[in-house]
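Right, one structure below, let's go through it.
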Amino acid sequence: MQRGVSSVVQLLLLQGCLCAVATGYLFRTPLDLDVTPRVTVLNSGLQGCRHFQSSAVNYSTMLLEADSERLYVGARGAVFALNASDISAGSALTIDWEASPEQKHQCLLKGKDNKTECFNHIRLLQRFNSTHLYMCGTNAYRPLCAYIDVERFVISSQPEEGRDKCPYGPTTGYTALIIDQQIYTASQYEFRSFPDIRRNSPSPTLKTEDAPTRWLNEADFVGSVLVRESVGSSTGDDDKIYFFFTEISQQQTPTYSHSRVARVARVCKEDRGGHLTLQKRWTSFLKTRLTCSLPEYDFHFNILRSVFALPGQTPQDTFFYGIFGLEWKNVKASAVCRFTLSEVQEAFQGPYMENQDSGSKWKEYTGKIPDPRPGTCITDALRARNMNFSTSLPDDVLNFVRRHPLMSKQVEPADRRPLLFRRTTDYTHMGVHTAQGLDGQIYYVLYMGTDEGWLHKAVDIKGQLHIIEELQLFEEPQPVNNLLISDKQWSVYMGSPSGVVQLPLSSCGRYTSCYDCIFARDPHCAWNGAECVDVVMQADRSTLIQDIQHGTEGCENTQGDVVHRNRSVRVGDDVLLQCELSSNLATPLWMLDGRQVQGYDLNSGFRTGTDGLLIIDARQDQSGLYTCYGVENGVKVAIVTYNVTIRLDLHPPPPVDPTHGFAITRAPSEHPPTEKSKPPLLSPLLPHSDLLSPRNMKAIYLSLITILGGLCVVLTVVLIYVGFCLRVGHRGKYSIRAAAAAHQSGKKHHRNRKQHRNSTTMELKTISSHCNGNGICNGSSKMHNGNIQDGGLLQIVPGEGHTSPSNEPLPPAPPLPPTPQLTSPGCDFSNGLSATLPSVLRRMHGNSYVLLRQSDSENMSPPGYSFAEELNKILEKRKHTQLLPRPDESSV
Ligand SMILES: *[C@@H]1O[C@H](CO)[C@@H](O)[C@H](O)[C@H]1NC(C)=O
Ligand SMILES: *[C@@H]1O[C@H](CO)[C@@H](O)[C@H](O)[C@H]1NC(C)=O
Ligand SMILES: *[C@@H]1O[C@H](CO)[C@@H](O)[C@H](O)[C@H]1NC(C)=O
Ligand SMILES: *[C@@H]1O[C@H](CO)[C@@H](O)[C@H](O)[C@H]1NC(C)=O
Ligand SMILES: *[C@@H]1O[C@H](CO)[C@@H](O)[C@H](O)[C@H]1NC(C)=O
Ligand SMILES: *[C@@H]1O[C@H](CO)[C@@H](O)[C@H](O)[C@H]1NC(C)=O
Ligand SMILES: *[C@@H]1O[C@H](CO)[C@@H](O)[C@H](O)[C@H]1NC(C)=O
């Protein structure tokens, strides 16, 4: 029977191998571009975080005025004035501005959603003049605008009609600027109307043209920027406004089958429209394509989600940063591309496109271009030729403009490729801060919010982004709706559906050792010999250590704090030597008495995991001095040493203070240690091999079969799906690469939790549901009951006593998937129970097991701290944690 079962197992293992090989073969394309954030900080671990919340929701507009230290925030039905240095301080000034019940009723009658759309969402909130702000709200599908008296913070006038400057819906693409008391807006205002870029009163109202050539096609606007390009002009007559959007491409060319494209369009600020032709229309409208792609992988990021303009020394040095996504809504991926103003200008100076036969054929226009060049602003040069306003432009120029809105030259990113590509993240908004490194270079630091409420801080190093950290802003996943940076307040502000969060631009104190500080490569941080400090706060910078370019040098002579621990266990126990690396980019390396421990070899009796070394079925010859190193950027840093003594004695160890580490051992009664010295047959899949009493064997085999079978079924499904997608086209190509990257990252022991979770749940969801009632997990659920039942079940007992220095610099809490169960409310979280509780169901080279993490200091553990309780919590978490075998590991 047993032999039969095991041959079935072998068969399945073989099949598993084949599956894995097949997947490995198909998913081979490497995607090293996909950047892993170095450090993951959960909501509970955020430092210096401030929160603003009220009864209102949907904090979607923000206006920061550094001089007055005020942050104005527009939400659903309310506007707030917050203290920008601390948004949680004091009571916020508030203006309530709800849609009337009658208007809400009207909205409902129009068939709109009374849970989202039939409210007054503030969409525009900007400075109008020195005393007033201007705001517009959707007002339950009947937009209204009003002035705010800043001094008293009240609405100072009767609200006015807003339908020509504000969209009707809360999520309609929209951008607005108020410049010199003129309101420039772009949106598809009403559901059925054409998208339009408008300038509203007081000066002549201007719009985009719809016929014979439609200038905009279902444009989805994300941003607009004024660039004061005028050189030597006091009137700013060459200043232009750039609009960023995604639209349907009318252009059908063999190279681009994509229906949507990212665009930049521009108009002259002083445009007054034409006289007869283009009356009340822009005479300076031009648009072109923004490209952001990985051509070697055939990835074209056609959707522009957000744009950030970084002013330079002169207007010419302006950078536009764009967050791009793929066209398919169900595929998460983001790319960040950077464009220079001069290249955008160059495109607008280049050849025009022409629409032939008024069909979908667009070709580069090669005929004569009228003079003055269509689309130019009225400057002194034209005024000298008696063309004082755009209304005096010749008719042939205006006619040309009317029919040639599109330029032929596309704008490529400044670096000819994305700065960043992320597979599993949808960035929503970003901001850029410049910082001077100690090496004298200017570094661009990017803050990017995600659709799940994380903030990524990244630094541009030679055209590549290194993600310094990922911060969980909210416990409940929710999109970052807005992001602003204040250098003066040293803060980044983010709006979301539930509130506004303020974080400092840097938290260097998070890095506890010199190497940690250097590896971070954060231009804001440097090591001063004792701690990692904010560079800007330091008067004397001569002794500071920083290495942004390589992240390796400067710490050679500093004394790292290596934690020393003693462990004493019995022969046959499973011992976990903990070593948690705070960096997702570090890999662990274990040495035993100076020799490297082969933790990946299945017969070695060791397993190297991301959080420690497991000695399975300890033998006496495994005693010795173990040292754990974290290897990052090619540098080996000792973190902890364990003096492990493995004793041959049968008595259970005496109970010790539970805050001190654990060894995993077995109930001694049924299994004398001698029986267990043979290597466990199934140890790769079942680390606790002593579960294998004959009675349990069958159940375990069966569950194993179920798991492997399920895995194969899923893999097969994935393969079929992938194959199908391949034929479908680009989407398929993407899926393959996504999986390839997951595969790759699995191999490299990347420990980005979010990423890992996403990739595995995508492909292997069914396994976990299988697992929940079976095999390994079944063992755990018995443990859950706290009983030791038949067959010598696992028991978790405290390890041998050892004391540790009270102020050990242990690395911060390990990265975890952002499941709500794992954190506790609020940013201003004080170290409570859940912080000291371990976290984790970790994986050791493909195995799942329960790990109890010891707390870092004793005073953190609450009195009456029970193991059963802790175990329950872990198991509870385990239920929600879907960490699954990866395809490449199923074959072992
Ligand atoms: C904002 O808060 C800071 C400190 O919390 C305080 O010093 C400052 O006066 C406040 N500013 C305003 C405008 O209330
Ligand atoms: C929305 O309208 C439905 C009826 O159409 C009603 O049952 C529901 O209570 C309304 N919800 C709110 C929040 O007003
Ligand atoms: C600002 O604009 C408002 C609204 O038009 C007006 O009432 C106010 O007088 C203006 N303030 C100044 C200083 O011009
Ligand atoms: C343009 O302005 C100049 C001086 O401001 C004036 O002399 C000239 O007549 C104007 N031309 C037109 C066509 O209005
Ligand atoms: C507003 O917030 C709610 C939750 O607070 C969310 O469900 C909804 O999608 C948000 N709407 C917009 C337009 O952001
Ligand atoms: C470990 O044991 C040695 C002696 O065996 C002792 O000197 C040392 O203090 C112990 N270290 C810790 C951290 O307990
Ligand atoms: C390890 O501990 C044993 C006794 O527990 C001691 O004899 C030995 O010297 C220790 N080794 C080191 C390197 O501390």
Side-chain angles (χ1 to χ4, degrees), residues 53-62 73-78 99 107 112-123 137-141 166-174 187 233-235 237 270 272 274-275 372 378-394 428-429 449 451-453 473-482 494-501 561-569 577-578 623-627 640-647 656-657 659-661 799-810 854 856-858:
Q53 255 172 326
S54 73
S55 56
V57 296
N58 301 121
Y59 298 79
S60 52
T61 33
M62 295 199 294
V73 181
R76 197 180 83 178
C107 179
K112 300 300 166 191
D113 186 345
N114 64 352
K115 287 191 196 66
T116 56
E117 293 167 307
C118 295
F119 290 95
N120 189 21
H121 291 267
I122 309 297
R123 299 296 313 268
T138 57
N139 189 39
Y141 257 69
C166 183
Y168 286 56
T171 55
T172 313
Y174 176 58
S187 187
S233 155
S234 56
T235 53
D237 50 15
E270 298 298 320
R272 295 191 174 199
H275 180 56
I378 306 295
T379 55
D380 287 344
L382 290 186
R383 273 191 287 269
R385 295 167 59 186
N386 230 355
M387 285 175 262
N388 289 2
F389 303 108
S390 59
T391 43
S392 38
L393 284 167
T428 56
H429 288 272
D451 64 330
E452 292 184 341
L473 302 171
F474 311 96
E475 281 178 77
E476 297 289 332
Q478 54 188 295
V480 171
N481 288 335
N482 217 325
M494 285 144 296
S496 78
S498 77
V500 185
V501 173
D561 292 308
V562 182
V563 181
H564 185 82
R565 296 206 168 113
N566 292 329
R567 279 295 155 82
S568 178
V569 290
L577 304 180
Q578 255 194 334
S623 299
L625 192 66
Y626 287 80
T627 310
V640 59
T641 63
Y642 288 91
N643 184 357
V644 176
T645 315
I646 295 164
R647 289 177 293 128
V656 212
D657 183 346
T659 55
H660 288 162
E800 287 288 284
H802 72 279
T803 52
S804 47
S806 54
N807 54 351
E808 302 171 355
L810 261 188
Q854 67 202 53
D856 297 347
S857 78
E858 294 169 37

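All residue numbers refer to positions in the sequence shown, counting from 1. Counting starts at 1 for both ligands and their atoms, in listed order.
- Within ligand 5, counting atoms from 1 as listed, the ones closer than 4.0 Å to a heavy atom of Pro497 are 2 (O), 5 (O).
- Within ligand 5, counting atoms from 1 as listed, the ones closer than 4.0 Å to a heavy atom of Thr171 are 13 (C).
- Atoms of ligand 6 lying under 4.0 Å from any heavy atom of His564, numbered from 1 in the order shown and given with element: 11 (N), 13 (C).
- Using a distance-only test at 3.5 Å, with no hydrogens or angles considered, no donor-acceptor pair links the side chain of Thr428 to the main chain of Asp451.
- Below 4.0 Å from some heavy atom of Pro170 lie the following atoms of ligand 5, by number and element: 13 (C).
- Between the choices Thr645, Asn566, Val563, Asn643, the shortest heavy-atom distance to atom 3 (C) of ligand 6 belongs to Asn566.
- The nearest protein atom to atom 9 (O) of ligand 4, hydrogens excluded, is given as Asn386 OD1, 4.3 Å; this is a heavy-atom distance.
- Annotation: Arg76, atom CZ; neighbour count of heavy atoms from other residues, nucleotides and ligands within 6.0 Å is above 12.
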Could you walk me through whether Glu270 and Thr235 pass side-chain contact (heavy atoms from CB on, under 4.5 Å), step by step?
CA-CA 9 Å; Glu270 298 298 320; Thr235 53; over 6 Å; no
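- The distance from the CG atom of Asp380 to the CG atom of Asp237 is 5.5 Å, given to the nearest 0.5 Å.
- In summary, the side chains of Arg647 and Ser568 do present a donor paired with an acceptor at a separation below 3.5 Å, with no hydrogens or angles considered.
- Of all the listed residues (Asn58, Thr116, Val57), Asn58 holds the heavy atom that lies closest to atom 11 (N) of ligand 5.
- Shortest contact from atom 4 (C) of ligand 4 to any protein heavy atom: Asn388 ND2, 4.4 Å.
- Rounding to the nearest 0.5 Å gives a distance of 11.5 Å between CZ of Arg567 and CG of Asn643.
- Proximity of atom 7 (O) of ligand 4 to the protein is not indicated, since no non-hydrogen protein atom lies closer than 4.0 angstrom.
- A side chain to side chain donor-acceptor pair (under 3.5 Å) with Ser498 is found for one member of Glu475, Gln478, Glu476 and no other, namely Gln478.
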